[in-house]
Amino acid sequence: MKRAIALVDCNNFYVSCERVFQPKLEGKPVVVLSNNDGCVVSRSQEVKDLGVTMAAPWYQMKALAKRHGIVAFSSNYALYADLSSRVMSLLSQFSPQQEVYSIDESFLDLSGMPGSHAEYGQLMRRTIRQCVGIPVCVGIAPSKTLAKLANHVAKKNPQFNSVCDFNSMSEDELDALLASIEVGEVWGVGRRTAPKLQEIGIHSVLDLKRSPPGRLRARFSVVFERIVSELNGVACLELDDVPHDKQQIICSRSFGMLTSSLADLEQAAIAYTTRAVEKLRQQHSIASALHIYVRTNPHRTQDAQHQQGILVPLDEPDDDTRAFCKAALHGLRQIYRPEHAYQKVGVMLADIVPASERPRTLFDDDAARERSKSLMNALDHINRRMGSGTLRLLGEGANQSWAMRRESSSRRYTTEWEDLFICPS
DNA sequence: TCTGGGGTCCTAGGACCC
DNA sequence: TCTGGGGTCCTAGGACCC
């Protein structure tokens with residue numbers, strides 16, 4: 001029996017989320033910007049057609065935007081995350097095996113399902129469009145890497161009507177199609193490797209499919225052996241239907257303005273550490289080290305640059321925000337140089353293990369451990385109930401002058417009562 | 001003036017051990 | 001002339017993804 005893996009991918013996801021609540025933007029050029037309104041991270045088809053690339057700096061395209069009436073939104077992750085979970089939950093009803101791969105993509109195992117898989121894909125499309133309002137494309141193939149390509153084909157070629165099933169094609173038909181796609185479109189072949197492949201005569205996906213895996217492995221890495229197998233229809237990547245615990249948890253952000261103030265950096269460090277440790281507790285893990293780093297703006301070449309990080313080990317693996325904040329401040333004071341204007345501070349939790357594997361030591365203070373646990377539980381409970389950041393450490397600061405800019409955010413239509421969408425009648 | 005954030009995997013090289 | 005060899009662990013950095 002041939003495996004059938006479907007990849008369902010939302011079209012221009014963030015832009016599509018905004019359009020759900022502002023349908024008048026259908027057919028208009030729309031972008032969604034990254035934090036600080038820095039880069040373009042989601043583009044409508046109209047904007048792609050204008051030649052705007054992914055991650056283009058927004059300030060550089062203000063003139064183009066004005067000329068074509070491009071509508072720009074700041075990122076509204078509360079909205080995107082909520083619509084994503086609705087899409088994923090609907091999709092879960094179409095297969096017993098689902099891997100939620102990212103905020104806007106999901107793999108589904110359709111192996112052994114009777115009937116036309118392409119028609120089944122159309123049903124998924126209609127359902128999601130009708131229930132959530134988001135347009136999606138579906139690619140179906142015997143491996144994940146091919147399913148990704150099938151999805152690409154479905155998006156680019158209107159004659160497929162947004163669903164492309166490689167399994168329903170003959171070998172020759174498929175190879176002809178693969179010969180027409182550039183090798184850089186393959187999942188795992190990035191902008192660095194694509195030119196190197198072209199140097200050795202591999203231009204199309206078909207070229208890559210027919211390459212001797214051993215040669216690629218020697219030149220690049222084992223990853224390529226796997227990619228070639230996957231292109232030949234041999235599934236090497238299993239469907240991961242249980243989400244793994246994160247092995248590292250990062251929280252970092254650029255400031256709304258450059259700052260040389262240690263007080264600002266300390267506030268940000270505490271705020272980001274607090275967020276990271278919340279995520280750590282959410283997955284019921286503990287960590288025993290914190291890496292903190294600072295960075296000046298690398299684009300300002302006229303400024304003296306400083307980029308440094310430091311790993312601060314904890315006395316013992318922990319999940320108490322206070323222990324990590326102490327470590328973060330300790331690390332920050334060692335790497336901070338007052339003569340620089342910093343753009344960013346970030347923290348990363350490392351050496352993460354499940355809380356159930358906490359080692360027992362001779363010096364365990366069980367009472368203190370219990371107090372810490374109760375405090376963190378109360379903190380998380382209140383913040384979940386009353387909104388993130390309701391209760392926080394004083395060190396985060398009340399007036400966060402370094403906080404990021406978000407000048408044109410839409411409302412949190414689906415997750416906040418005061419932002420609820422009321423249909424104009 | 002203004003250039004994102006959060007993750008994973010792989011490799012190379014050094015330290016260390018026997 | 002000629003300076004062991006193999007294994008493991010850790011870290012930094014690159015590449016990639018969304």
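Naming convention: chains lettered A, B, ... in sequence-line order (proteins, then strands); numbering from 1 in each chain. What you see below is based on every heavy atom in this structure, not just the backbone, and it leaves out hydrogens, waters and symmetry mates.
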Taking [atom1] from [X] and [atom2] from [N], how many angstroms apart are they, rounded to a whole number?
X: A/Phe107; N: C/dC18; atom1: CZ; atom2: C1'; value: 12 Å
X: A/Asp351; N: C/dT11; atom1: CG; atom2: C1'; value: 12 Å
X: A/Phe220; N: C/dG14; atom1: CZ; atom2: C1'; value: 14 Å
X: A/Gln60; N: B/dG4; atom1: CD; atom2: C1'; value: 15 Å
X: A/Asp37; N: B/dG4; atom1: CG; atom2: P; value: 12 Å
X: A/Leu311; N: C/dT11; atom1: CG; atom2: P; value: 7 Å
X: A/Tyr14; N: B/dG4; atom1: OH; atom2: P; value: 15 Å
X: A/His152; N: C/dC17; atom1: NE2; atom2: P; value: 13 Å

Exercise for the section: May I ask you to check whether A/Trp187 and A/Phe224 place their ring centers less than 6.0 Å from one another? Expected result: no
Practice task
With A/Lys344 as the cation and A/Phe255 as the aromatic partner, state whether NZ or CZ is under 6.0 Å from the six-membered ring centre and within 45° of the axis.
Solution key: no
Handout entry: Geometric cation-pi criterion A/Arg253 and A/Tyr272, 6.0 Å radius, 45° cone
Key = yes
Exercise for the section: Verify the contact: side-chain N or O of A/Arg300 to OP1 or OP2 of B/dT3, cut-off strictly under 4.0 Å; return yes or no. Expected result: no
Problem - Closest non-hydrogen atom pair between A/Gln305 and A/Pro298, with its separation - result: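 Closest approach of A/Gln305 to A/Pro298: OE1-CA, 3.3 Å.
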Fill in the blank from the handout: Applying the Watson-Crick and G-U criteria (both distances under 3.5 angstrom) with [ ] for crossing and | for other-strand pairs, one obtains for DNA chain B ....||||||||||||||
Please tabulate, one pair per line, each protein N/O and nucleotide N/O from nucleotides 5-10 of chain B that are separated by under 3.5 Å, including the distance.
from: B/dG5; atom 1: OP1; to: A/Ser254; atom 2: N; distance (Å): 2.4
from: B/dG5; atom 1: OP2; to: A/Ser254; atom 2: N; distance (Å): 3.4
from: B/dG5; atom 1: OP2; to: A/Ser254; atom 2: OG; distance (Å): 2.9
from: B/dG5; atom 1: OP2; to: A/Lys344; atom 2: NZ; distance (Å): 3.2
from: B/dG5; atom 1: O3'; to: A/Ser252; atom 2: O; distance (Å): 3.4
from: B/dG6; atom 1: OP1; to: A/Arg253; atom 2: NH2; distance (Å): 3.2
from: B/dG6; atom 1: OP2; to: A/Ser252; atom 2: N; distance (Å): 2.6
from: B/dG6; atom 1: OP2; to: A/Ser252; atom 2: O; distance (Å): 2.8
from: B/dG6; atom 1: OP2; to: A/Ser252; atom 2: OG; distance (Å): 3.0
from: B/dG7; atom 1: OP2; to: A/Ile250; atom 2: N; distance (Å): 2.6
from: B/dG7; atom 1: OP2; to: A/Ile250; atom 2: O; distance (Å): 3.4
from: B/dT8; atom 1: OP1; to: A/Gln247; atom 2: N; distance (Å): 3.3
from: B/dC9; atom 1: OP2; to: A/Gln247; atom 2: NE2; distance (Å): 3.4

Handout entry: Proximal nucleotide (of B/dT3, C/dT11, C/dC17) relative to the A/Trp187 side chain
Key = C/dC17
Fill in the blank from the handout: Sorted by number, residues from residues 322-340 of chain A placing a heavy atom under 4.0 Å from DNA chain B are none
Practice task
For C/dG4 versus B/dC16, give the span between their C1' atoms, rounded off to a whole number of Å.
Solution key: 15 Å
